[in-house]
Amino acid sequence: MKRNILITGGAGFIGSHVVRRFVKKYPDCLIVNMDKLTYAGNLMNLADVENEPNYRFVKGDIADEHEVEEVFCSYEIDGVIHLAAESHVDRSIADPMSFIKTNIVGTTTLLNAALKSWGHNLQNKLFYHISTDEVYGSLGSEGFFTEQTSYDPRSPYSASKASSDHLVRAYHHTYGLPTVISNCSNNYGPNQFPEKLIPLTINNIKNKKPIPVYGKGENIRDWLYVEDHAAAIDLVFHRGEHGKTYNIGGNNEWKNIDLIRLLCRILDDKLDRQKGESEKLITFVRDRAGHDLRYAIDSSKIRSELGWRPSVSFEEGLERTVDWYLENNAWLEEVVTGQYLTYYEKQYANR
Ligand code: NAD
Ligand code: TYD
């Protein structure tokens, strides 16, 4: 079906993989990427698709009512895949307000624009909200988050995402807006900003800098390769039941310290360093405030109802990720120096 799809946050980590997948796989659909280009937005991520005829980029803020309505109107948007967010827990502890503005006010601004633009003509319309497993809170050593688990967010980031999830559900129940939500576990892969655990560890090992491990490194995350998340998003967008939620996860739990040690071993090997050399960089630092102990997703619903399953093993995904960061030195350098922030002016100033 020919559709005009708005993807928000498409210049970010997961968004860029979703944009690329949709631009290439659905040439009859127009893919409009609206992104504010915060520090996390990097148009270099999309350099390979930026000239495709079915791709448009709009620099804009999802919390700006005028800018959002203009996009819905100019491009006759009929589907939304909403990824734009402030996404880093540590930043949410330092500056909660930007999370409230983007994640709560921004999501509500998009919901209002969809309602206003679509009116009563809701056939073939969909507002798809991308969320996180962190809304469910923290697990002990046992159990999994299901779609029925009560929300118990514990950081400003997860509280703002939980709030946005509730608003999406409220717009479905109150106004009949066709919506769907998915809550995914930790993603990893190429193009992730090196403030998150895996790219930060790779970058620090590469540069022989200390690897900060929060607390004792006992916290557990469930890791999923980003392209498997993008494939799940594609499925939920096209076949997800409206008004419902799907949990997405890798069934792949790792203690932070074990994962960091594994990365040390992989990089010692790839960089021709002595066995054990990178582990010497491990530095235990003060724990994150309110640090959630364990996240683990039960993804049986999306597996049984939509037939999704991860296609990339952790071994293969980590290998691809490490190779990508070692081969894309220019990307990493531009991000570390801030040079990437000028890409928009260079590429789009005269368009
Ligand atoms: P990211 O931080 O890499 O990218 C976020 C993007 O949103 C950036 O391009 C940024 O410029 C843009 N953005 C921020 N504020 C904006 C605003 N006001 N208006 C328009 N654009 C704005 O994030 P990510 O890791 O790619 O995560 C994408 C989505 O997936 C988020 O909603 C996040 O909550 C969710 N999620 C992430 C993970 C993960 O492990 N990274 C896991 C589950 C869910
Ligand atoms: P992160 O990548 O920030 O994702 P999230 O907090 O959303 O799960 O962190 C993953 C885990 O790694 C989390 O338990 C915090 C920990 N961590 C460190 O130990 N050191 C670091 O430098 C970072 C960024 C995270």
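One-based numbering, in listed order, for ligands and for the atoms of each.
Among the atoms of D61, some N or O lies under 3.5 angstrom from an N or O of ligand 1. At under 3.5 Å, a nitrogen or oxygen of I62, whether backbone or side chain, sits near a nitrogen or oxygen of ligand 1. Annotation: T102 places an N or O atom under 3.5 Å from an N or O atom of ligand 1; distance criterion only. Where the criterion is an N or O separation shorter than 3.5 Å, residue side chain and backbone included, N42 fails it with respect to ligand 1.
Remark: R303 fails to qualify as a cation-pi partner of Y246 under the 6.0 Å distance and 45° angle criteria applied to the six-membered ring. Both the sub-6.0 Å distance and the 45° axial angle are satisfied by K59 relative to the ring of Y344.
Of the protein's heavy atoms, F13 CD2, 3.8 Å lies nearest to atom 25 (O) of ligand 1. Of all protein heavy atoms, the one lying nearest to atom 5 (C) of ligand 1 is A85 O, 3.4 Å. For atom 2 (O) of ligand 1, the closest non-hydrogen atom on the protein side is S87 OG, 2.7 Å. Scanning the protein for heavy atoms near atom 31 (C) of ligand 1, the closest one is L83 O, 3.2 Å. Ranking protein heavy atoms by distance to atom 34 (O) of ligand 1, first place goes to Y157 OH, 2.7 Å. Regarding atom 38 (C) of ligand 1, its nearest protein heavy-atom neighbour is I14 CD1, 3.6 Å. Taking atom 8 (C) of ligand 1 as the reference point, the nearest protein heavy-atom neighbour is D35 OD2, 3.6 Å. Of the protein's non-hydrogen atoms, the one nearest atom 42 (C) of ligand 1 is S185 O, 3.3 Å.
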List of N/O pairs, ligand 2 versus protein, all under 3.5 Å?
residue, atom, partner, partner atom, Å
ligand 2, 2 (O), L197, N, 2.9
ligand 2, 3 (O), R288, NH2, 3.1
ligand 2, 4 (O), N186, ND2, 3.4
ligand 2, 6 (O), R288, NH1, 2.5
ligand 2, 6 (O), R288, NH2, 3.3
ligand 2, 7 (O), E134, OE2, 2.6
ligand 2, 8 (O), N186, ND2, 2.9
ligand 2, 8 (O), R221, NE, 2.7
ligand 2, 12 (O), N256, ND2, 3.3
ligand 2, 14 (O), R221, NH2, 3.3
ligand 2, 14 (O), N256, ND2, 2.9
ligand 2, 14 (O), H291, NE2, 2.7
ligand 2, 19 (O), Y214, N, 2.9
ligand 2, 20 (N), P212, O, 2.8
ligand 2, 22 (O), P212, O, 3.4

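Numbered from 1 in the order shown, with element, the atoms of ligand 1 that lie under 4.0 Å from a heavy atom of G60 read 19 (N), 20 (C). Short contacts between ligand 1 and C184, defined as distances under 4.0 Å to a heavy atom of the residue, involve ligand atoms 42 (C), 43 (C). Set against the non-hydrogen atoms of N186, the atoms of ligand 1 under 4.0 Å away are 40 (O). For ligand 1, the atoms sitting less than 4.0 Å from at least one non-hydrogen atom of S131 are 43 (C), 44 (C), numbered in the order shown with element in parentheses. Below 4.0 Å from some heavy atom of I130 lie the following atoms of ligand 1, by number and element: 30 (O), 32 (O). Close contacts between ligand 1 and K161 involve ligand atoms 31 (C), 32 (O), 33 (C), 34 (O) [criterion: under 4.0 Å to a heavy atom]. Numbered from 1 in the order shown, with element, the atoms of ligand 1 that lie under 4.0 Å from a heavy atom of L37 read 11 (O).
Applying side chain to side chain donor-acceptor pair (under 3.5 Å) to N183 and the options T149, D165, T132 leaves one that passes, D165. When each of V18, L30, N54 is paired with V23, the side chain to side chain contact (heavy atoms under 4.5 Å, CB included) condition holds for N54 and for no other.
The existence of a salt bridge linking R294 and E253 is confirmed by a sub-4.0 Å separation between a basic side-chain nitrogen and an acidic carboxylate oxygen. Ion pairing between D61 and K101 fails under the 4.0 Å rule for side-chain N and carboxylate O. E218 has a carboxylate O that lies under 4.0 Å from a charged side-chain N of K255, or vice versa, which qualifies the two as a salt bridge. With salt bridges taken as basic N to acidic carboxylate O contacts below 4.0 Å, none links E134 and K161.
Closest to atom 13 (N) of ligand 1 by heavy atom, among I248, T107, T38, is T38. The heavy atom nearest to atom 40 (O) of ligand 1, considering only D64, N187, V105, is found in N187.
With hydrogens and angles ignored, the 3.5 Å screen pairs no side-chain donor or acceptor of H17 with any backbone N or O of D228. Between the D268 side chain and the S278 main chain, a donor and an acceptor come within less than 3.5 Å of each other.
F314 and W254 have tilted rings, their planes meeting at an angle from 30° to 60° on a 0 to 90° scale. Under the 30°/60° scheme for interplanar angles, the aromatic rings of H238 and Y26 are found to be tilted.
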Next on the checklist: Assess the residue pair K208 and E277 against the criterion (salt bridge (Lys or Arg N to Asp or Glu O under 4.0 Å)); give the C-alpha distance rounded to whole Å, side-chain angles, the decisive distance to 0.1 Å, and a yes or no.
Outcome noted: CA-CA 9 Å; K208 298 191 176 179; E277 192 178 330; 3.6 Å; yes
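Nearest approach of G79 to I77, heavy atoms of both residues: O-CG2, 3.3 Å.
Residues Y157 and H88 fail the side-chain proximity criterion, which asks for heavy atoms closer than 4.5 Å.
Checked against ring pair (Phe, Tyr, Trp, His ring centres under 6.0 Å), Y136 has the following partners two or more places apart in sequence or in another chain: F145, Y151.
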